There are 2 protein chains.
Amino acid sequence: MTSTESLTISELSACCTPIARAPMDATSAERLARSLKALADPARLRLLSIVASHEDAEACVCDLTEPLGLSQPTVSHHLKVLVDAGYLNRDKRGTWAYYSLTPNALDSVSGLLSNL
Amino acid sequence: MTSTESLTISELSACCTPIARAPMDATSAERLARSLKALADPARLRLLSIVASHEDAEACVCDLTEPLGLSQPTVSHHLKVLVDAGYLNRDKRGTWAYYSLTPNALDSVSGLLSNL
DNA sequence: GCAGAATATCGATGACTGTCAATCCAACGG
DNA sequence: CCGTTGGATTGACAGTCATCGATATTCTGC
C-alpha cells in the first residue's frame with residue numbers, strides 16, 4: 001500500500017503538547033506576510049498616518065515629501081508600495097496626485113493578527 | 001530670535017487639504033515598524049500560529065521544525081526574532097526549550113494599527 | 001507648441017535579511 | 001566520565017530593500 005511511514009508518529013509526543021486547532025497554512029501566511037511587509041517601514045507608516053490625519057483622509061505628494069525628510073522619488077516609491085498592497089488609493093487630478101486611505105484595509109489586517 | 005523660516009507656511013495650501021490631527025512622530029513610527037518587521041515573514045507567522053494552536057499555547061522546537069520545512073538553525077533564528085520582539089517567551093526546562101505566546105502582544109500591535 | 005512644474009520611473013549602490021552547513025553548548029542517561 | 005540529543009551560535013552566501021540622482025512623463029498656462 002506504499003505506506004512507508006504510517007506509524008512512527010505515535011511515539012513523537014515525548015516533549016510536546018497536543019494541538020487544539022489547525023494552524024495557519026503556508027499560502028495564508030505568505031499573503032499576510034506580504035501585507036505586513038508593506039507596513040513594516042517607518043516612512044510608510046508615517047505616510048499612512050499623515051494621510052489619515054488629513055481632514056478628508058486625502059493628501060498629495062507635495063504635502064508628504066517635506067515632513068518625511070526623504071527625496072521625492074523615495075516618497076513616490078513608498079506610495080506605490082502602499083497602493084500595490086491595497087492600503088492607499090491614487091487619484092490623479094490635473095498635475096497633482098491625491099492619495100486616500102482604502103477603507104477597512106488596516107482594520108482587516110489588524111483583525112487577521114488578533115486571531116492568529 | 002533666529003526665526004528664519006517662520007511665516008512661509010501660510011501660502012502652501014495650494015493643492016493640499018488641512019490637517020485635522022497630529023500624525024505619528026518619527027520615533028513611534030520606528031518602534032512600530034520594528035514590531036511589524038518581526039511579524040512580516042511567513043515562517044514567523046506560522047510559528048506564532050502553531051504555538052497559538054497548541055492547547056496551552058506552548059510548544060517546543062522539535063514540534064516546530066518539521067511542519068515548517070525549514071532547518072533547525074533557521075527555526076531557532078526566527079524564534080529568537082520573535083522573542084526579541086516580545087511576541088514569544090522562552091522557557092528552557094531540562095533539555096527542551098518551550099515557547100509560549102506573550103499575552104496581549106499581538107493585540108497591542110493590532111490596536112496600534114487600527115487607529116493610525 | 002512650449003516652458004515649467006508635479007510625479008513617476010530607471011539604474012546604481014549600500015545595507016539588511018533569510019537560509020543553511022558546520023560547530024558549539026548544555027543537559028541527560030548510562 | 002562519555003556519548004547522545006536538543007537547541008543556540010557562527011560564518012557565508014544569495015536575494016531583497018531603502019535610498020538617491022538622473023531622466024522620463026504628463027499636465028497647465030501662455
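This structure is a prediction, so every number in the text was calculated from the model and none was measured. Proteins get letters first, then strands, A, B, ... in listed order; numbering begins at 1 in each.
- Look at NZ on Lys92(A): it is 13 Å from P on dT25(D), rounded to the nearest Å.
- Atom OH in Tyr87(A) sits 3.5 Å away from atom CG in Leu39(A) (nearest 0.5 Å).
- Taking only side-chain nitrogens and oxygens, Arg44(B) comes nearer than 4.0 Å to OP1 or OP2 of dG18(C).
- For the pair Gly69(B) and Ser76(A), both in contact range of DNA chain C, the more 5′-proximal nearest nucleotide belongs to Ser76(A).
- Taking atom CG of Leu64(A) as the reference point, atom C1' of dT7(C) lies 12 Å away to the nearest angstrom.
- If you take CG of Leu79(A) and P of dC17(D), they are 17 Å apart, rounded to a whole angstrom.
- Both cation-pi conditions hold for Arg93(A) and Tyr98(A): the charged atom is under 6.0 angstrom from the six-membered ring centre and inside a 45 degree cone around its axis.
- Side-chain atoms of Lys37(A) lie closest to dC17(D) of the nucleotides dG18(C), dC17(D), dT19(D).
- Between Tyr99(B) and dA8(D) there is a side-chain polar atom (N or O) within less than 4.0 angstrom of OP1 or OP2.
- Residues His77(B) and Thr95(A) both approach DNA chain D. Their nearest nucleotides, taken by heavy-atom distance, put His77(B) toward the 5′ side.
- Remark: P of dG7(D) and CG of Leu70(B) are 16 Å apart, rounded to the nearest angstrom.
- When distances run from any side-chain atom of Pro73(A) to the nucleotides dC20(D), dA18(D), dG7(D), the shortest one goes to dC20(D).
- Residue Arg93(B) is classed as having no contact, given no heavy-atom separation below 4.0 Å to the nucleic acid.
- Residue contacts for Lys80(A): at a heavy-atom cut-off of 4.0 Å it reaches the sugar-phosphate backbone alone, with no base atom in range.
- Distance Asp84(B) CG to dT9(D) C1': 13 Å, rounded to the nearest Å.
- Rounded to a whole Å, the CZ atom of Arg34(B) is 20 Å from the P atom of dC17(D).
- Thr102(B) and Asn89(B) are linked by a side-chain donor-acceptor pair at a separation below 3.5 angstrom, with hydrogens and angles left out of the test.
- To the nearest angstrom, C1' of dT19(C) lies 14 Å from CG of Leu47(B).
- Nearest to the side chain of Arg90(A), among dT19(D), dT7(C), dG7(D), sits dT7(C).
- Residue His78(A) is classed as a sugar-phosphate contact, given heavy-atom separations below 4.0 Å to backbone atoms only.
- A close approach under 4.0 Å does occur between a side-chain nitrogen or oxygen of Ser71(B) and OP1 or OP2 of dC20(C).
- For the pair Gln72(A) CD and dA24(D) C1', the computed distance is 12 Å after rounding to whole Å.
- With a 4.5 Å cut-off on side-chain heavy atoms, Leu45(A) and Pro42(A) do not count as touching.
- Taking side-chain N and O atoms only, Thr74(A) has a distance below 4.0 Å to OP1 or OP2 of dC20(D).
- In the hydrophobic clustering of ILVMFWY residues, with side-chain heavy atoms under 4.5 Å counting as a link, Leu101(A) and Val81(A) come out apart.
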